[in-house]
Structures are given as C-alpha cells and as structure tokens.
Number of protein chains: 2
Amino acid sequence: MAYDKENIRNVTIKDVAKRAEVSIATVSRILNGKDRVSPLLAERVLLAAKELQYQPNDVARALKIKESRSIGLIIPDIENPFFPALVRGVQDAAKIHNYAVILCNTDGKTDEEKKYIQFLYSKRVDGIAFTESVDNKKNIALLDSLGIPVVLLDRRVEGMKASGVSTDNRLGAFMATKHLIEKGKRRIAFISGSPKLSSGADRASGYQDALLHYSIQYDKKLAFIGAFTYESGYAAAENLLLSRHQFDAIFASNDIMAIGAIECLNKYGIRVPEDVAVVGFDDIRLATWYKPLLTTIRQPVYEMGQYAIKLLVEHITGERSSSYEKIFVPELMIRQSSGGLEESK
Amino acid sequence: MAYDKENIRNVTIKDVAKRAEVSIATVSRILNGKDRVSPLLAERVLLAAKELQYQPNDVARALKIKESRSIGLIIPDIENPFFPALVRGVQDAAKIHNYAVILCNTDGKTDEEKKYIQFLYSKRVDGIAFTESVDNKKNIALLDSLGIPVVLLDRRVEGMKASGVSTDNRLGAFMATKHLIEKGKRRIAFISGSPKLSSGADRASGYQDALLHYSIQYDKKLAFIGAFTYESGYAAAENLLLSRHQFDAIFASNDIMAIGAIECLNKYGIRVPEDVAVVGFDDIRLATWYKPLLTTIRQPVYEMGQYAIKLLVEHITGERSSSYEKIFVPELMIRQSSGGLEESK
DNA sequence: TTGAAAGCGCTAACAG
DNA sequence: CTGTTAGCGCTTTCAA
C-alpha cells in the first residue's frame, strides 16, 4: 500500500466550519480576508483553524480558481556555472509573489524541452520562464499555442509573442574586443558560442563590429565555433595552436570557454596574459577565483532572473498585456587575464 | 483583468468523451490504461483526444487521488557551488519517476525553512528532500508531524523518523588529515564548518581521530570555527596568521573555505603548498580549476541527490516503510594544494 | 465492458 | 453579513 494518505491531519475547511459553527463559505471568506465578515465570527474561525492546525489545500484552490501559483523554469543545466545565480534570482522573485518554481533541466535537448513544456502544462503552471537552448521553432510555437504567459531568458527568439530579458550581447562583445584592441592586440582570435542561439550570434557580431570600427581586418582563420562549454574552449584553443596562425589574444564567448582555452594554452607553455591576453563573458563567480583572474564582460545574471519573474507575474496578473523586451547593459571587468589595467605595449 | 483563463484550448475529458461518444469514465479508463476497455472505444477516444489536443489536468487529478506528483527540495543556496550537482541529481531522478521538483532556497534561515515547509505542505507535495541548515528541532518536529515522507540530504539529524543520505564525513576528515600527516605535517590547523550541523561536527571528529591515531597532540589553538563560506575560510586563515602560532598545513571543512584560506595565505606571501599544505572537502568542480589544484575529499554529490529521490519515492509509494540511512564513502583526491603525490619531507 | 453519479477541498454566485 | 449550492476536472465505486 502507498503512503498513508488518510492522514492524521487532513483537516479541511469543513472541519473548521463545523468547529466554529459557521458555514464553509464564511470560513473561506475569513481565511482569504477579502469579503467583509463580522469580527466575532472571524475570531471564532481563526481560533478553530489554529486549534485544528488547518493548512489550506492549494490544489483544491488551484482547481477552482484555475491558478496554480506555480511557474516552470526551464534551463539547460544547473551545473553550468552560469545558471545558479539566474535560478536564484528567479526563485527569490517568485517567493515574493508566492509562486512555487518547478525546475527543469533539459541539457539543451529539443525533445526534453518539449516534454517539459507539456509536463508543466499538465501541471497547469501559471507561467513559464524559458532559456531556450537551440533555436527551435516548434517548441516556441507550442509554447505560444498553450496560451500560458512565457518569458524568455537570456536568449532572444525571433517571432515569439513572449517577453524577454537579456543582456546586450553585441555591445558586450564589442566592449571585450575593444578592450583587447586598446591593450595593443591586433590578432584577436574569437571562440563563438552556439551560433544558433541569439547570445552566440550576437557576441560574434559584436566582435566583428569592433574589428571593423578599429579598421582591423577580420580573419576567418582566427574564428572558431564552440558550444559554450569548457571542452569546446579547450578544443578551439588547441585547434588555433595547431593551425599555427599567429594570434596575441582570445575573446571567448563565455567564461568557461575562456578558462578551457587558458588551460590549453598553459599546457602548451603559453602564458596568459604575457603571451596571449584572454577575455571571457558572463563574469561567473569562478572568474574571480580562477588564476589568472579573468577579465570578462559582466552580465547581471541574478537581476535578470528577478526581472524575468517580475515580467512574468505582470503577464499572469494581466497588468501587462503586450510583450516587452528588457535588455541589461553589460559591464567590462578588467582583471589579470587580459593584462590588467595598465595600457601596455 | 487577469490573463485569459478561458483559453482557446481548455479541453477536458468531457469534451473528449462527447467527441468520441462515450462516457467520461471510459475516457478516463482509456487514458490511464489500467482497466480493460474494448479496443474499438479505445481507438475512438485516443483519436478524439489527439484531435482536440487534449492535455490532462494534473491538478484535478491530484485533488482526486491525493497525489500531486511533486516534491519539494529545500536547500540553503543554489549559488553555493556544492548544491548544483546535488540538485541536478535530485532532478534527474525525479524526472524518471515523473515528479516535479519545487526548489526552495532558505539561506540557512530557520524561519525560511519553516515557511517553505508549510508552503510545500499547502501545495500537497508528495515528499520533501531537505538539507537542514541549522540543527533545529522545531522544523524537524514540524516535518514529522506533517506525515509527509521526508529524506534528509547531506546532514544527519538525530531523532527523526526520516531516511537520510550522506557521506561518511568523519571518515573523510580522517582521510584528509591522515594524508597531511603522511606528507610529514605535524602542525595541522583545522577550519570547521558550522559545528551545529552533523557534517560540521563529524568532520571535526574525523580530524581529531586522525591526530589521536598518529599520536599527535591536538592543539586547540589551531582549530577555528568557520561557517562553510569562503569568507569564513579567509578569516580563519587570517586569525591563524595573526595568532602567530606555527602551522604547516590546513584542513578546511569544505573547498570554498580552503580556497578562502589559500587566498588569504597568498595575500600574506605564504605559498601553497610549499610553505603550507591545504586540503579541502567536497571536491566541487572548482577544485580542479583553481590554482593550485585543490587536494580534497570527494563526495559523490550527484549520486547522493539521485539516491535521496530513490529513497523518497520508495517511501511515497510505500515500497519502503521504515527509515534507512544511506552513507556514501568519501574519496581522497590528491592534487597540488597538498604537495601532490610524492611522499615529501 | 460501460455508464451514472458521487465527491476530492475549495471559491463564488446567489439568495436571504 | 452569512449560508446554500453549484461546480472546477478528474477517478472510482456501484449497477447495469
């Protein structure tokens, strides 16, 4: 037999009503505190509720009012150091509004995303915060068709009705590249994240913008496609070395790729920043623990998570009807891996 | 007005029944596939369901069968590098059994814990996985009284009916200290985690066990109380230095405290491992990215998360009735911060 | 094998 | 201001 559901304490509104000698409607009113009720009855009901240790049953409530007070949060992988702060921001904001957050890791797999979307819909979540992993029209269409409020995190998706929150990736990449150029670098290699994601593509654009702006020839041989993972950063650096193309700096599309690249360079006896300057993106906590301290572009990840929920809740409550795109501005964090502050060379 | 709940697609079992020209009971049976039904009707119902894009409403189901297919996961802070792997293990295991996991961060605050426990109970979660932060009899009693299956993660709590999963912290601390002793160290400082937590207290015991075993005098002046945070590791090292007591090694109760300590030592010009050897605990991912690579005691965190849910589900389904204590065995990971493999001195 | 009907615990008309 | 009552969408007896 399953765990005992006919529990010691399964006290309902009905029990409270009986004890307080009122109707269940009155109990409901008092507990929800919206309609006016006489203080006398209120007192009696509250007392009865306390004596019986009454705890409302939210699932019944959810069924009745069609509002589960829960939201889904879909991300690729909480073990990726980028996400904990995001998740924390989401959770803290959700708590304020009394929403439960259901966490889903998809590993960036399209079919996992789809499964979770349906799963969350079955649970009748009031909204979904979604970090799409690969540009997938189908899941976006699915999400749209469900008629649940959605906010897109970190990654823009074209043609969706949903609101979104992200950082200006293009600007960030521009700043990173500009910084390297100002350090006197001219042969700046680039390791891209997944170019199918807006964050990946936008950072690539920013890199090119900066080269163009400073009249530096874009050299395709210095551009590598990674996948936002440590391994892909390492591999890109290795390919770069083996290709024997000259370079004096690397801009990696996120911090763990930057670290992967540095590890690889070190293995080949190349020093960072003395021989090659490296800049990452995101400013994960590790960036200040790693040696050399990582120069990087900071995204306000926690705030992004918070803002996403703020937006989502506004959509859920109907305070906001049309979609809105919140774009945070990135910040350059100059540390050791790019040679620090001094204007070298 | 709130978000449109009278949605385009709010198709219920009733709609399906009408379209397939059967009763709702039949639809329910077919969809749940337990009772026998004629293949003819089954086909008709399935077709209708697909045509209408029917998606079951789990909240109605939950109300009826008193089973929400969701579990609560209470941790101090997802931003603490120890937890992402734990959470991922929990989530992956929960997915297999089709449970939603509701994430709660308490920052180790007792009253937050209490709030979340009640919150989760209102949501009628089927079980709770709980990483208790400070030894608090009240919340434990509350959890017990709720009659919800509970499994304790990482930290043992005396006198609770719940099952638990943890690592043998005492053994791990013994191994760490032993390793330092075998490296020739005799003045081994210790930075404790919160001694109110079993994990904190057990690691302290293991440290003392090892000293005793090797007939090294325990010196209270070398023992510091931290709080499992980077800052407390840094502070402990600083106090140690300022106290001017001699020491040749530090065993910190977790990796981020170890890193905090090393950062502090470095700031004072003391080299690790040349001047002082350092060992941590947990083997978070950062341990292999930090320089020097951190010697530490590995806990199989992901597996612990998985196992916790396995246990929790067994309790929920009634497969397991009495509580069970799963204890994983730790593993010594020898890296640079303790001077590596060679038997120095 | 199938259908009718009761009811999970709650909210919200509606009537008084 | 308070009570009666009708469901929310589903599962599950109980009869047929």
Side-chain angles (χ1 to χ4, degrees), chain A residues 1-2 4-7 9-46 48-49 52-69 121-126, chain B residues 1-2 4-7 9-46 48-49 52-69 121-126:
Chain A
M1 207 222 58
D4 185 16
K5 282 154 196 162
E6 310 313 320
N7 215 284
R9 48 198 331 297
N10 223 331
V11 18
T12 75
I13 206 176
K14 216 166 159 180
D15 302 313
V16 177
K18 195 178 297 171
R19 176 153 196 141
E21 296 179 299
V22 296
S23 73
I24 59 168
T26 302
V27 175
S28 175
R29 286 188 188 108
I30 291 167
L31 262 24
N32 291 312
K34 30 175 79 174
D35 276 322
R36 341 204 101 276
V37 278
S38 77
L40 178 74
L41 291 193
E43 197 177 351
R44 252 162 56 197
V45 166
L46 260 13
L52 296 172
Q53 300 199 60
Y54 170 76
Q55 288 288 117
N57 183 327
D58 272 4
V59 358
R61 182 162 209 273
L63 176 60
K64 177 64 189 174
I65 70 176
K66 299 176 185 306
E67 195 183 300
S68 65
R69 286 260 147 197
Y121 181 71
S122 280
K123 289 249 174 308
R124 294 300 189 270
V125 293
D126 298 330
Chain B
M1 208 221 56
D4 186 16
K5 282 154 196 163
E6 311 312 321
N7 215 285
R9 48 200 331 294
N10 224 332
V11 19
T12 75
I13 207 177
K14 214 165 161 181
D15 302 314
V16 177
K18 196 178 296 171
R19 178 154 196 140
E21 296 179 299
V22 296
S23 73
I24 59 168
T26 302
V27 174
S28 174
R29 287 187 186 109
I30 290 167
L31 262 24
N32 291 313
K34 29 176 80 176
D35 276 321
R36 341 203 102 274
V37 279
S38 77
L40 178 76
L41 291 193
E43 197 177 350
R44 252 163 54 199
V45 166
L46 260 13
L52 296 172
Q53 300 199 60
Y54 170 76
Q55 287 289 117
N57 182 328
D58 271 4
V59 358
R61 182 161 209 272
L63 176 61
K64 180 64 190 174
I65 70 176
K66 298 177 185 304
E67 193 184 301
S68 66
R69 285 261 147 198
Y121 181 71
S122 280
K123 288 248 174 308
R124 293 300 188 272
V125 293
D126 298 330

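Quick note on labels: first sequence line is chain A, next is B, and so on, each numbered from 1.
Interface residues of residues 16-26 of chain B facing DNA chain D, ordered by number: B/Ile24, B/Ala25; criterion, heavy-atom separation under 4.0 Å.
Among the heavy atoms of the strands lying under 4.0 Å from B/Ser28 is at least one base atom, whether or not backbone atoms are also near. Contact annotation for B/Asp58: no contact, since no heavy-atom pair falls under 4.0 Å across all strands.
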Could you please spell out the steps behind the side-chain contact (heavy atoms from CB on, under 4.5 Å) verdict for B/Asn57 and A/Lys66? CA-CA 10 Å; B/Asn57 182 328; A/Lys66 299 176 185 306; over 6 Å; no

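For B/Leu46, the side chain to side chain contact (heavy atoms under 4.5 Å, CB included) partners two or more places apart in sequence, or in a different chain, are B/Ile30, B/Leu31. Residues passing the side chain to side chain contact (heavy atoms under 4.5 Å, CB included) test with B/Lys18, sequence neighbours excluded: none. Residues forming a side-chain hydrogen bond (donor to acceptor under 3.5 Å, both in side chains) with B/Asp15 (at least two apart in sequence, or on another chain): none. By the side chain to side chain contact (heavy atoms under 4.5 Å, CB included) test, A/Ser68 pairs with A/Ala62, A/Ser70, A/Asp126, sequence neighbours left out. Legend: residues meeting salt bridge (charged side-chain N to carboxylate O under 4.0 Å, His left out) with B/Lys64, ordered by chain and number and at least two apart, are absent. With sequence neighbours excluded, the residues that form a side chain to side chain contact (heavy atoms under 4.5 Å, CB included) with A/Arg19 are A/Ala48, A/Glu51, A/Leu52. Residues forming a salt bridge (charged side-chain N to carboxylate O under 4.0 Å, His left out) with A/Arg61 (at least two apart in sequence, or on another chain): none. Scanning for salt bridge (charged side-chain N to carboxylate O under 4.0 Å, His left out) contacts around A/Arg44 gives an empty result, with sequence neighbours left out.
At the phosphate of C/dC8, neither OP1 nor OP2 sits under 4.0 Å from any side-chain N or O atom of A/Thr12.
The interatomic distance linking A/Lys64 (NZ) with C/dT11 (C1') rounds to 5 Å, in whole Å. Counting to the nearest Å, the P atom of C/dG9 and the NZ atom of B/Lys123 are 17 Å from each other. Spacing between atom NZ of B/Lys14 and atom P of C/dA4 amounts to 12 Å, rounded to whole angstrom units. Taking atom CG on B/Leu63 and atom P on C/dG7, their separation rounds to 14 Å, with Å as the unit. For the pair B/Leu41 CG and C/dG3 C1', the computed distance is 11 Å after rounding to whole Å. Atoms CG (B/Asn57) and C1' (C/dC8) sit 13 Å apart, rounded to a whole Å. Between the CD1 atom of A/Ile13 and the P atom of C/dC8 there is a distance of 13 Å, given to the nearest Å. Taking atom CD of B/Glu67 as the reference point, atom C1' of C/dG9 lies 17 Å away to the nearest angstrom.
When the C1' atoms of four end pairs are superposed on the next four at each end of the helix from C/dT1-D/dA16 to C/dG16-D/dC1, using five pairs per end, the two resulting axes differ in direction by 40°, to 10°.
Atom OG1 in B/Thr12 sits 8.5 Å away from atom CD1 in B/Ile24 (nearest 0.5 Å).
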For nucleotides 14-16 of chain C, list the nitrogen or oxygen atoms of the protein found under 3.5 Å from its nitrogen or oxygen atoms, one pair per line.
none

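Contact of the B/Arg69 side chain with the B/Glu67 side chain is registered, since non-hydrogen atoms from C-beta on lie closer than 4.5 Å.
The two atoms that bring A/Tyr54 and A/Ile13 nearest to each other are CE1-N, 3.5 Å, heavy atoms only. Nearest heavy-atom pair across A/Arg29 and A/Val37 is CB-CG1, 4.1 Å. Closest of all the heavy-atom pairs between B/Gln55 and A/Arg124 is O-NH2, 3.2 Å.
Scanning DNA chain D 5' to 3' for nucleotides with an atom closer than 4.0 angstrom to a non-hydrogen atom of chain A gives a first and last hit of D/dC1 to D/dG9.
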